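Here the structure is laid out as structure tokens; the discussion comes afterwards.
Values in this document were obtained by computation on a predicted structure and should not be read as measured data. To find a chain, count down the sequence lines: A is the first, B the second, and so on, and within it residues start at 1.
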Number of protein chains: 2
Amino acid sequence: MSSPRLTETSYIVLGLIAQIGPATPYDLKRLAQVSTVNFWSVPHTQLYSECARLAGEDLLSERREQTGRRRRTYRLTERGREALERWLSEPTSELEQVRDTATLKLFLGGDPQQLAPTQLQAHRAQLETYEQIYGSFVGDAPQGWRLALEAGIDHERAYIRFWSRLAGQRAREGSPARSR
Amino acid sequence: MSSPRLTETSYIVLGLIAQIGPATPYDLKRLAQVSTVNFWSVPHTQLYSECARLAGEDLLSERREQTGRRRRTYRLTERGREALERWLSEPTSELEQVRDTATLKLFLGGDPQQLAPTQLQAHRAQLETYEQIYGSFVGDAPQGWRLALEAGIDHERAYIRFWSRLAGQRAREGSPARSR
DNA sequence: CCCTATATAGTTCGGATCGAACGGTGCGGA
DNA sequence: TCCGCACCGTTCGATCCGAACTATATAGGG
């Protein structure tokens with residue numbers, strides 16, 4: 001049991017199982033791919049190790065098939081549900097962490113005019129994907145899913161505005177060949 | 001020399017040195033803290049190891065004080081500058097990666113009304129910081145710095161709009177006690 | 001009924017990343 | 001002189017990450 005030391009990844013596992021019921025790591029993997037990826041990416045191998053770890057902490061219970069693939073199915077324990085509820089009810093003042101290669105290039109001196117078209121295309125495609133998913137939620141999706149997706153859509157729109165602005169700008173002031 | 005295998009972190013190092021001239025890892029650390037953190041965070045220990053690695057690849061040259069702190073100062077080699085220029089001139093279609101604890105809580109069922117005030121406060125403070133830095137750039141900051149910061153400001157505004165919307169909403173539909 | 005192709009499911013392993021913690025160095029002031 | 005703090009640099013173990021691989025199930029063709 002010891003000191004739990006739960007990370008965000010732990011709560012993704014606990015939280016998804018809470019929403020969909022008993023699941024295998026593989027189920028979680030597929031689910032994470034379409035839902036969570038937007039604001040928290042987890043490599044799939046970690047879902048396997050994380051489930052095992054949480055089972056060791058008695059936050060999940062594990063049942064394993066005796067034959068064939070010997071799949072492990074996990075479900076929430078009472079302790080697990082408590083830990084999740086506790087975490088969910090605490091607000092956080094933590095800010096987002098972002099890693100964006102294109103902005104980095106811009107920062108280090110990349111040419112806006114050259115970067116913008118590619119980024120615009122990528123972000124427009126992403127926005128379209130999100131909107132499609134959003135459209136497929138009728139009333140059945142949990143509130144949290146809708147809200148998180150709305151946040152993602154907002155951000156894609158912000159990126160599109162940003163890169164559009166750069167694309168639409170004449171080569172910008174005399175731009176003295178800085179640095180060196 | 002071998003196969004360089006450069007990561008984004010590598011280019012941050014090369015790029016910052018290109019902009020400010022010869023520097024120690026400690027210089028880079030302080031600089032990164034105030035400039036890059038917005039769209040790419042690098043833990044400071046990695047700056048030390050990364051500089052050493054790049055020197056091994058002949059992309060940086062290293063000179064070390066013979067006495068006292070024995071600081072290592074790095075400067076760009078010709079090869080380093082070429083590698084940097086090559087990377088900067090390639091557009092990328094990669095999208096941002098985000099990790100945002102608050103959105104995660106929302107997604108997993110956290111109460112919007114409860115999360116919003118804390119997030120609003122945090123994002124407002126962050127926006128203010130950015131705007132202050134932006135104000136301190138008169139005309140002297142490189143174009144990339146201004147643009148990257150503008151992107152950061154756009155995103156903070158998006159977050160503020162988003163959380164404001166949630167804060168300002170009556171406890172939302174009957175919100176059937178979903179899940180379980 | 002067997003063979004192959006494809007989707008599903010799970011694991012291994014080495015390298016990259018991370019950050020807490022620690023150990024020196026230099027300087028200003030008592 | 002020597003104390004204390006800010007500055008500077010590094011070590012180390014833990015975690016994270018993902019490419020690559022193995023194994024299982026199933027469906028369709030012959």
Within the sub-3.5 Å range, which N or O atoms of nucleotides 13-17 of chain C have a protein N or O partner, and how far apart are they?
unit_1 : atom_1 : unit_2 : atom_2 : d
C:dT17 : OP2    : B:Q46  : NE2    : 3.4

Rounded distance in Å - CZ (B:R71) to C1' (C:dT25): 9 Å
Neighbour count above 12 (heavy atom, 6.0 Å) for A:E82 CD: yes
Whole angstrom value for the distance that separates P of D:dA23 from OH of A:Y26: 18 Å
Partners meeting side-chain contact (heavy atoms from CB on, under 4.5 Å) with B:S61 (sequence neighbours left out): B:R75, B:T77
Those residues that, when tested against B:W87, pass side-chain hydrogen bond (donor to acceptor under 3.5 Å, both in side chains) (two or more places apart): none
Spacing of B:L28 atom CG relative to D:dC7 atom P, expressed in whole Å: 17 Å
Partner residues of B:R157 under the side-chain hydrogen bond (donor to acceptor under 3.5 Å, both in side chains) criterion, sequence neighbours left out: B:E131
Sugar-phosphate, base or nothing in reach of A:S49, heavy atoms under 4.0 Å: nothing
d(OH, B:Y48; P, C:dC22) in whole Å: 18 Å
Spacing between A:R64 atom CZ and C:dG10 atom P, to the nearest angstrom: 9 Å
Nearest-nucleotide comparison on DNA chain D, the residue closer to the 5′ end among B:D27 and A:H44: B:D27
With A:F162 via ring-ring contact (aromatic ring centres under 6.0 Å, His included) - residues at least two apart: none
B:E62: salt bridge (charged side-chain N to carboxylate O under 4.0 Å, His left out) partners, not counting sequence neighbours: B:R72
Gap between atoms NZ and P, on B:K29 and D:dC7 respectively (whole Å): 10 Å
Rounded interatomic separation in angstrom, taking CG from B:L47 and C1' from D:dC8: 13 Å
Centroid-centroid distance, A:Y159 to B:H155, less than 6.0 Å: yes
Between D:dC16 (P) and A:E8 (CD): distance, integer Å: 10 Å
Nearest-nucleotide 5' precedence on DNA chain D, B:P25 against B:Q97: B:P25
